[in-house]
Amino acid sequence: MKITAMETHVCNARMRNWIFVKVLTDEPGLWGWGEATLEWHTRSVVGAIEDLASLLIGEDPTRIEYLWQMMYRQHFWHGNGIVRATAIAGIDIALWDILGKSLGIPCHKLWGGPVRDYIRLYCHLGGGKMEDFYETHPADAKRFAELAQQAVQEGFTAFKAMAVPETMPLEGLRPLHYAEACVRAMREAVGPDIDIMVDCHARPSPRMGLLFAKALEPYGLYWLEEPCWPEVVDDIALIQRAVKTPIATGERLTSQHAVREYLEKRACSVLQCDITHCGGFSEMRRIAGMAEAYRVALAPHNPQGPVSTAASLEFGFATPSYILCESVHKDVPWRQDVVSEGFTVEPKGQIVRPSNRPGLGIEINEKEVKKHPFQPEVLQRTFYPDGSVGDW
């Protein structure tokens with residue numbers, strides 16, 4: 001079996017352009033799907049995939065580790081920059097899809113079989129609709145409560161909110177009171193049995209991140225996400241030690257080498273490395289082994305398209321330390337039109353049973369994808385009151 005071609009199919013989903021990667025083989029009807037979505041870097045990733053294709057055309061697609069090493073180590077520059085790591089990930093996922101299809105088994109059985117009966121989904125407030133999740137103002141605590149109740153009514157037992165506002169390196173009590181009011185409203189709206197996660201989006205400085213963590217600690221968060229820039233590992237570790245709330249981070253880490261320092265410094269309780277950004281299944285499985293040694297949970301970042309979700313679920317069914325799957329279902333109303341999925345979601349509890357289809361268990365409808373061609377993603381920018389540039 002040989003790789004004969006590599007295609008990218010770009011599908012505009014408003015805030016993101018989903019980049020679907022199709023790896024074709026010389027066996028009729030056998031191809032694999034991956035995803036390499038990277039918002040605001042679509043053309044860069046498509047170009048990186050074209051560059052990597054020259055290494056793989058004519059190679060055996062079942063030599064996945066060999067091909068991964070080629071993509072990561074050849075061309076001199078190692079593949080841990082975000083653009084190339086994402087391109088590698090999309091291709092790697094497609095190769096595993098091919099291997100599963102060629103053997104007639106789901107990907108999770110390639111890695112030892114299922115370790116759990118189901119996976120719990122968590123949603124973004126508003127189901128991933130950009131205006132509800134990213135643009136609900138932190139001063140609007142009532143709206144946060146309404147969206148929280150909506151998530152529970154849809155069957156979710158866990159959800160995530162952006163309840164921490166953009167803040168300058170140091171501010172007074174106002175942003176802290178905003179965040180606290182929002183989280184209090186959500187907790188009062190849904191009660192103690194629902195898991196609430198708050199994403200700081202790495203907006204705060206280390207000191208403001210600590211102040212937010214302290215302010216929100218009484219509300220029993222399932223985790224507090226990215227309380228400050230991922231570059232300041234020591235400060236994330238300090239926040240982790242200062243509060244009982246579990247700290248989650250890692251969505252911007254692209255390799256096992258970046259993860260190592262977080263684990264050695266006990267900087268988090270939850271690692272969120274994104275399968276579509278950190279080199280695909282091959283590198284993510286190495287990261288999972290490292291995390292297992294430190295008893296750190298895994299909850300991969302996954303606000304992208306349907307191939308990414310299928311990949312996260314297949315990985316989760318075979319990974320002991322995986323705890324739940326991020327999902328978006330209302331980012332665009334036609335999301336399900338572009339994909340056929342093998343897994344099933346039970347509305348009560350929003351839990352997923354494993355797929356029995358081979359590979360990732362999905363197929364992309366290329367005709368539907370073509371109805372949504374590339375457009376520049378909806379721009380998101382942040383400026384502080386004095387006009388200086390902030391973190392979105």
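The shown structure was predicted, so the numbers you read here are calculated from the model rather than taken from an experiment.
The ring-ring contact (aromatic ring centres under 6.0 Å, His included) with Tyr122 is formed by just one residue from the set Phe159, Trp223, Phe156; it is Trp223. Tested against His329, the residues Arg335, Glu154, Gln350 include a single side chain to side chain donor-acceptor pair (under 3.5 Å) partner, Glu154. Just one of Leu324, Ile196, Val198 meets the side chain to side chain contact (heavy atoms under 4.5 Å, CB included) condition when paired with Tyr222; it is Leu324. Each of Val45, Thr42, Ile49 was evaluated against Thr8; a single residue qualifies, Ile49, per the side chain to side chain contact (heavy atoms under 4.5 Å, CB included) test.
Looking at Thr25 and Glu27, their side chains never bring a donor and an acceptor atom within 3.5 Å of each other. A donor atom on one side chain and an acceptor atom on the other are not found under 3.5 Å apart for His201 and Glu226. Under the 3.5 Å distance criterion, with hydrogens and angles disregarded, a donor-acceptor pair is assigned to the side chains of Asn17 and Glu377.
In this view, Glu166 and Thr382 satisfy the side-chain hydrogen bond (donor to acceptor under 3.5 Å, both in side chains) rule, not counting sequence neighbours.
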*Worked verdict on Arg357 versus Glu363 for salt bridge (Lys or Arg N to Asp or Glu O under 4.0 Å)*: CA-CA 10 Å; Arg357 292 187 193 176; Glu363 193 60 47; over 6 Å; no
*Asn80 and Thr254: side-chain hydrogen bond (donor to acceptor under 3.5 Å, both in side chains), yes or no, with the steps?*
CA-CA 6 Å; Asn80 53 20; Thr254 59; 5.5 Å; no
*Yes or no on side-chain hydrogen bond (donor to acceptor under 3.5 Å, both in side chains) for Gln272 and Glu326, after CA distance, side-chain angles and deciding distance?*
CA-CA 10 Å; Gln272 298 175 291; Glu326 181 173 11; 5.6 Å; no
*Starting from the C-alpha separation in whole Å, work towards a yes-or-no answer on side-chain contact (heavy atoms from CB on, under 4.5 Å) for Thr245 and Gln240.*
CA-CA 8 Å; Thr245 306; Gln240 164 88 351; over 6 Å; no
*Output, in order, the C-alpha distance, side-chain angles, deciding distance and verdict of side-chain hydrogen bond (donor to acceptor under 3.5 Å, both in side chains) for Trp18 and Asn12.*
CA-CA 6 Å; Trp18 297 334; Asn12 179 260; over 6 Å; no
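Note that CG of Asn365 is 9.5 Å distant from OG of Ser340, once rounded to the nearest 0.5 Å.
Looking at Asp195 and Arg120, a side-chain N of the basic residue comes within less than 4.0 Å of a carboxylate O on the acidic one, giving a salt bridge.
In this structure, His9 has its ring center closer than 6.0 angstrom to the ring center of Trp33. In summary, the aromatic rings of Phe317 and Trp111 are positioned with their centroids too far apart to meet the 6.0 Å limit.
Taking all atoms of both residues into account, the shortest heavy-atom contact from Gly280 to Ala89 is N-CB, 3.2 Å.
Between Trp68 and Tyr72, the two ring planes are parallel [angle under 30°; tilted spans 30° to 60°].
A distance-only check finds a donor-acceptor pair linking the side chain of Ser54 to the backbone of Asp51 [under 3.5 Å]. Listed for the Asp331 side chain is no donor-acceptor partner under 3.5 Å among the backbone atoms of Lys129.
Relative to the ring axis of Trp40, Arg381 does not place its NZ or CZ within 45° and under 6.0 Å from the centre.
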